[in-house]
Amino acid sequence: MLSAIHETIASMHERYSEPITLKSLAAEVFVSPFHFSRTFTKITGVTPGRYLTAVRIFEAKRLLLTTSLTISNVVCSVGYSSVGTFTSRFTRSVGMTPTQYRTPQVRDLLVAVSPQFQRMPSLKLLQEAGGGLIPAQRTGGSIAAKIKMPAEFGPGNVLLGVFADPIPQRGPVAFTYVAADSWATEAFIGGVPAGRWVVIAIAEHPAATSPEERFSIGTIRGPIATHEGEITGITVQMRRMQPIDPPLAFTLGDPRVLDAGLRPRPFQTRTPACCQAQLPGPDFQRQAMTSLRISRQSFT
């Protein structure tokens with residue numbers, strides 16, 4: 001079944017701009033939707049719907065930062081048919097509007113890891129960014145991490161972040177950065193709010209000779225708990241990105257300091273012009289909306 005999940009993930013990356021339902025994904029690998037969803041979640045750690053959303057939001061972020069496409073064209077390119085729906089979902093997930101996401105601060109402080117698109121700010125920019133996207137914490141818990149870097153990876157600049165979700169769309173609530181040039185490098189994050197968090201490490205290896213070796217990632221199983229005035233110790237094992245890993249993209253740019261003038265007027269729910277050409281008549285529109293409702297229900 002693992003090979004089938006790999007095929008499905010490859011299909012998501014290739015067809016994210018198309019309507020995709022849980023039923024259609026399961027049919028591709030000849031299993032029931034229930035069995036497919038359960039197996040997919042067990043292998044990847046997230047549901048098929050969350051994975052597909054991560055792929056689409058990742059591609060939207062990439063297009064917003066690397067192209068001059070209009071918001072409407074970005075919407076069409078990542079599988080949505082309504083600017084309003086896309087904008088609401090993007091803003092809710094990312095913490096800023098698509099227009100705000102195009103600011104230079106966001107681009108300069110972007111962290112992105114996928115087979116096709118990789119970015120990491122310089123150590124200087126990381127230092128200027130501060131330690132997280134929350135107000136400085138005078139109290140809270142701390143995380144003491146031991147980062148294990150395989151020798152064959154070579155030295156790496158490591159961003160160690162504390163996130164609310166396993167596939168973060170927003171920046172970390174707290175982070176640190178270290179230069180790892182040995183098997184075990186220690187890192188410390190202070191001022192972490194009490195709660196349950198996901199810890200993710202991303203390393204860039206400047207001496208790598210191929211794109212596949214330039215970045216590595218490290219996670220720990222399940223969320224960790226931090227408590228007021230206590231230090232939580234963890235060990236993070238770095239590894240190469242795997243085909244089943246969801247793409248990660250978040251910015252260390254603080255949305256609180258974005259120019260308020262960049263806030264656009266609320267979008268009206270409408271069909272982008274690039275998608276209207278695909279809707280020649282009422283019957284086709286009804287079929288498309290039915291497919292969209294099925295897709296939303298499948299991935300709720």
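Just so it is clear, the structure is predicted and the values come from calculations on it, not from any experiment.
Of the possible donor and acceptor atoms, none in the side chain of Thr251 sits under 3.5 Å from a partner among the backbone N and O of Arg170. Side-chain N or O atoms of Arg196 include none that pairs as donor or acceptor with a backbone N or O of Ile224 at under 3.5 Å. Judged by distance alone, the side chain of Thr53 and the main-chain N or O of Gly49 form a donor-acceptor pair under 3.5 Å. Checking side-chain atoms of Lys61 against main-chain N and O of Ala249 turns up a donor-acceptor pair under 3.5 Å. With hydrogens and angles disregarded, a donor-acceptor distance shorter than 3.5 Å links the side chain of Tyr51 to the backbone of Ile244. In this structure, the side chain of Ser24 does not engage the main chain of Ile20 through any donor-acceptor pair within 3.5 Å.
Atom CD1 in Ile9 sits 11.0 Å away from atom CG in Leu52 (nearest 0.5 Å). With values rounded to the nearest 0.5 angstrom, Ile57 atom CD1 is found 10.0 Å from Tyr101 atom OH. Separation of atoms SG (Cys76) and CG (Leu69) is listed at 10.0 Å; rounding is to 0.5 Å. Between atom CG of residue Asn157 and atom CZ of residue Phe215 there is a gap of 9.5 Å, rounded to the nearest 0.5 Å. Put simply, CZ on Arg239 and CE on Met241 are 7.0 Å apart, with the number rounded to the nearest 0.5 Å. The line from CD1 of Ile202 to CZ of Phe175 is 12.0 Å long, rounded to the nearest 0.5 Å.
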Intermediate values then yes/no, side-chain contact (heavy atoms from CB on, under 4.5 Å), Ile71 and Arg102: CA-CA 11 Å; Ile71 301 297; Arg102 281 186 146 156; 4.1 Å; yes
Going through the checks in order, is the side-chain contact (heavy atoms from CB on, under 4.5 Å) test met by Arg107 and Thr103? CA-CA 7 Å; Arg107 182 185 63 249; Thr103 61; over 6 Å; no
Please step through side-chain contact (heavy atoms from CB on, under 4.5 Å) for the pair Leu248 and Ile217, ending with a clear verdict. CA-CA 10 Å; Leu248 299 178; Ile217 188 171; 3.6 Å; yes
Using the rule given for side-chain contact (heavy atoms from CB on, under 4.5 Å), can you reason through Leu160 versus Val178, listing the C-alpha separation, both sets of side-chain angles and the distance that settles it, and then say yes or no? CA-CA 8 Å; Leu160 184 70; Val178 294; over 6 Å; no
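Inter-residue side-chain proximity for Val55 and Pro247 is flagged as met; some heavy-atom pair is nearer than 4.5 Å. Side chains of Val236 and Lys148 form no contact here, defined as non-hydrogen atoms less than 4.5 Å apart. For the pair Met12 and Pro48, the minimum side-chain heavy-atom distance is below 4.5 Å. Under the 4.5 Å side-chain criterion, counting only non-hydrogen atoms from C-beta, Thr97 is in contact with Gln100. No side-chain heavy atom of Val199 sits under 4.5 Å from any side-chain heavy atom of Thr219. At a threshold of 4.5 Å between non-hydrogen side-chain atoms, the residues Phe40 and Leu25 do not count as touching. At least one side-chain heavy atom of Arg50 sits less than 4.5 Å from a side-chain heavy atom of Asp165. At a threshold of 4.5 Å between non-hydrogen side-chain atoms, the residues Leu22 and Phe36 count as touching.
Ring pair Phe58/Tyr16: centre-to-centre distance not below 6.0 Å.
Annotation: side chain to side chain donor-acceptor pair (under 3.5 Å) contacts of Ser216 (sequence neighbours excluded): His205. Contacts of Arg15 classified as salt bridge (Lys or Arg N to Asp or Glu O under 4.0 Å), with partners at least two apart in sequence or in another chain: Glu18, Glu28. In this view, Thr47 satisfies the side chain to side chain donor-acceptor pair (under 3.5 Å) rule with no residue, not counting sequence neighbours. Checked against side chain to side chain donor-acceptor pair (under 3.5 Å), Glu204 has the following partners two or more places apart in sequence or in another chain: Arg214. Partners of Glu152 by salt bridge (Lys or Arg N to Asp or Glu O under 4.0 Å), not counting sequence neighbours: none found.
Taking every heavy atom of both residues into account, Gln169 and Ser93 meet most closely at CB-O, 3.4 Å. Shortest non-hydrogen contact noted between Thr232 and Ala225 is OG1-O, 3.1 Å. Gly154 and Met149 make their closest contact through O-CG, 4.0 Å (heavy atoms, listed as atom of the first residue, atom of the second, distance). Closest of all the heavy-atom pairs between Ile231 and Ala144 is CG2-CB, 3.8 Å. Closest approach of Val75 to Phe86, counting heavy atoms only: CG2-CD2, 3.5 Å. Thr185 and Ala179 make their closest contact through CG2-O, 4.2 Å (heavy atoms, listed as atom of the first residue, atom of the second, distance).
The existence of a salt bridge linking Asp108 and Arg119 is excluded, since no basic side-chain nitrogen approaches an acidic carboxylate oxygen closer than 4.0 Å.
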Listing, residues 110-117 side-chain donor-acceptor contacts under 3.5 Å, not counting sequence neighbours, or none:
from: Ser114; atom 1: OG; to: Gln116; atom 2: N; distance (Å): 3.3
from: Ser114; atom 1: OG; to: Phe117; atom 2: N; distance (Å): 3.0
from: Ser114; atom 1: OG; to: Phe117; atom 2: O; distance (Å): 3.2

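Clustering ILVMFWY residues whenever any of their side-chain heavy atoms sit less than 4.5 angstrom apart, transitively, puts Val158 in a cluster other than the one holding Phe188.
For the 3.5 Å distance criterion, the side chains of Thr85 and Ser88 fail to qualify, holding no donor opposite an acceptor.
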